[in-house]
Amino acid sequence: MQTFINLPVRDLPTAKRFHAALGFGFNPRFSDNMKAVTINDQVSVLLQVEPNFQTFTKRQIVDAATSSPDGHLWQAFHLDPTAVPAG
């Protein structure tokens with residue numbers, strides 16, 4: 001199973017350079033309106049220009065906390081699955 005997380009971006013070339021500088025690769029099968037950042041074999045983040053992203057929702061696109069060029073807050077952490085009780 002593949003998971004795609006969609007994020008709206010105002011400036012796709014800047015967002016692509018930012019994620020490339022972090023060491024992420026890109027899936028070349030996507031259009032000029034979006035870039036797929038490869039997180040791992042199962043997860044990709046689709047960076048979509050805002051007008052394209054807006055076609056998927058009636059909700060307003062809002063600004064988030066500033067961490068990426070488009071204001072998206074990202075947190076990296078490690079979770080040891082053996083430390084989480086089954087349940």
Partners passing side chain to side chain contact (heavy atoms under 4.5 Å, CB included) against P51 (at least two apart in sequence or in another chain): V49
Distance in Å, I5 CD1 paired with S44 OG, rounded so as to fall on 0.5 Å steps: 9.0 Å
Nearest atoms (heavy-atom pairs only) where D41 meets Q2: O-NE2, 3.2 Å
R17 CZ to L12 CG distance, which is reported to the nearest 0.5 Å: 10.0 Å
Side chain to side chain contact (heavy atoms under 4.5 Å, CB included) involving N6 - partner list, sequence neighbours excluded: L46, Q48, F53
For the student: nearest non-hydrogen atoms of K16 and L47, plus distance: N-CD1, 4.5 Å
Heavy-atom side-chain contact between F26 and T38 under 4.5 Å: no
Partner set under side chain to side chain contact (heavy atoms under 4.5 Å, CB included) for N40, not counting sequence neighbours: Q42, V43
Straight-line distance of L7 CG to E50 CD, nearest 0.5 Å: 11.0 Å
Residue pairs involving residues 53-62 (criterion side-chain hydrogen bond (donor to acceptor under 3.5 Å, both in side chains); sequence neighbours excluded): none
